[in-house]
Amino acid sequence: MSSTPLTFQLDPPVTPALRDEILRMWTDVSNAGGAVGFVAPVTAEEIRPELVKQFVAMVEGRGRLLVGRDGDGAVGGDGAVVASVFIAQNTHRLMRHWVWLHTVMVHPERQGHGYGRELLQAAADAARTLPGITAIRLGCRGGHGLENFYASCGYKEVGRVPDAIRVAEGDYRDDIAMLLPLM
């Protein structure tokens, strides 16, 4: 369990400060080796277009944002965003009963304290409030053991595409699909 429980907020107002906190965290996570869509080294300017895409999805009603704040001030001051995940509505008419989790992140300085578990539980709680949602799906990059972490949180591996992700020349990783039934 974490030493200081996080406070979660679904769909916080997207202010310039929040945008900058998420962008900084995404950059820090990526540069610490996190499997969140980029390969280190990466700059905030390289990540910014992907963050904008997520915010556009939120404005269009296709996505939600869940943030976890830490109250002890160790990362960026009191109430800093130290965890976040984007929740995407599935728009395929035959698959609207489940949502995607994208860019599951805990700040590197906060990893190992149970915040990832708290974040996934808060995401499941948020998904349960959405009408008709019966499951959560996420993808993870092989080679980090992430599938074991997600499995320990109740997700099960439902598919794997070998060598689907190329992180560098000659360095291929599996694309792993994980599912959490909510019923």
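Small disclaimer: the values here were computed from a predicted structure and weren't measured.
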Take Glu21 and Arg69 through the test salt bridge (charged side-chain N to carboxylate O under 4.0 Å, His left out) and record every step on the way to the result. CA-CA 11 Å; Glu21 281 187 278; Arg69 294 184 181 277; 3.5 Å; yes
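- Ion pairing between a basic and an acidic side chain is recognised when a charged N comes within 4.0 Å of a carboxylate O; Asp175 and Arg173 show no such pairing.
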Would Ile47 and Ser30 count as a side chain to side chain contact (heavy atoms under 4.5 Å, CB included) if you check the C-alpha gap in whole Å, the side-chain angles of each, and the deciding distance to 0.1 Å? CA-CA 9 Å; Ile47 293 174; Ser30 296; 3.9 Å; yes
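- Residues Asp70 and Tyr115 are in side-chain contact: their nearest non-hydrogen atoms beyond the backbone lie under 4.5 Å apart.
- Linking ILVMFWY side-chain heavy atoms closer than 4.5 Å, directly or via other members, places Val42 and Trp26 in a single hydrophobic cluster.
- The shortest heavy-atom contact between Met25 and His107 is SD-N, 3.8 Å.
- Here the closest non-hydrogen pair linking Pro162 and Asp174 is CA-OD1, 3.1 Å.
- Side-chain contact check for Ile136 versus Trp100: every heavy-atom pair is 4.5 Å or farther apart.
- Rounding to the nearest 0.5 Å gives a distance of 12.5 Å between CZ of Arg110 and CG of Asp28.
- Considering only heavy atoms from C-beta on, Leu130 stays 4.5 Å or farther from Arg128 through its side chain.
- A distance of 13.0 Å separates CG of Leu6 from CD of Gln121, quoted to the nearest 0.5 Å.
- Scanning all heavy atoms of the two residues, the minimum distance from Val85 to Ala123 falls at CG1-CB, 4.2 Å.
- Counting only heavy atoms from C-beta outward, the side chains of Tyr150 and Leu180 never approach each other to under 4.5 Å.
- Remark: side-chain polar atoms of Glu157 are not paired, donor with acceptor, to backbone N or O of Glu147 under 3.5 angstrom.
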Pair Leu120-Val104, side chain to side chain contact (heavy atoms under 4.5 Å, CB included): steps then yes or no: CA-CA 8 Å; Leu120 290 173; Val104 179; 4.3 Å; yes
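- For the atom pair CD1 (Ile176) and CD1 (Ile165), the distance works out to 8.0 Å, reported to the nearest 0.5 Å.
- In this structure, the side chains of Leu51 and Phe86 come closer than 4.5 Å at one or more pairs of heavy atoms.
- The CZ atom of Arg137 sits 7.5 Å away from atom CG of Leu179, with the distance rounded to the nearest 0.5 Å.
- The shortest distance between side-chain heavy atoms of Val67 and Leu18 falls below 4.5 Å.
- Counting heavy atoms from C-beta on, the side chains of Arg96 and Gln89 never come closer than 4.5 Å.
- In this view, His97 and Thr134 satisfy the side chain to side chain contact (heavy atoms under 4.5 Å, CB included) rule, not counting sequence neighbours.
- In this structure, Phe8 is a member of the same hydrophobic cluster as Leu10, with clusters built from ILVMFWY side-chain heavy atoms closer than 4.5 Å.
- Between Gly34 and Arg141, the shortest heavy-atom contact is O-NH1, 4.4 Å.
- Between the CD atom of Glu45 and the CG atom of Leu23 there is a distance of 7.0 Å, given to the nearest 0.5 Å.
- Counting heavy atoms from C-beta on, the side chains of Asn31 and Thr27 come closer than 4.5 Å.
- Legend: residues meeting side chain to side chain contact (heavy atoms under 4.5 Å, CB included) with Arg117, ordered by chain and number and at least two apart, are Phe149, Ser152, Cys153.
- When hydrophobic clusters are built by joining Ile, Leu, Val, Met, Phe, Trp and Tyr residues whose side-chain heavy atoms come closer than 4.5 Å, directly or via intermediates, Met95 is not grouped with Val158.
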Which donor-acceptor pairs under 3.5 Å do side chains of residues 53-66 form with protein atoms, sequence neighbours excluded?
residue, atom, partner, partner atom, Å
Lys53, NZ, Glu50, OE2, 3.1
Glu60, OE1, Arg62, NE, 2.8
Glu60, OE1, Arg62, NH2, 2.6
Arg64, NE, Asp11, OD1, 3.2
Arg64, NE, Asp11, OD2, 2.5
Arg64, NH2, Asp11, OD2, 2.6

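- Here the closest non-hydrogen pair linking Ala127 and Ile133 is O-CB, 3.6 Å.
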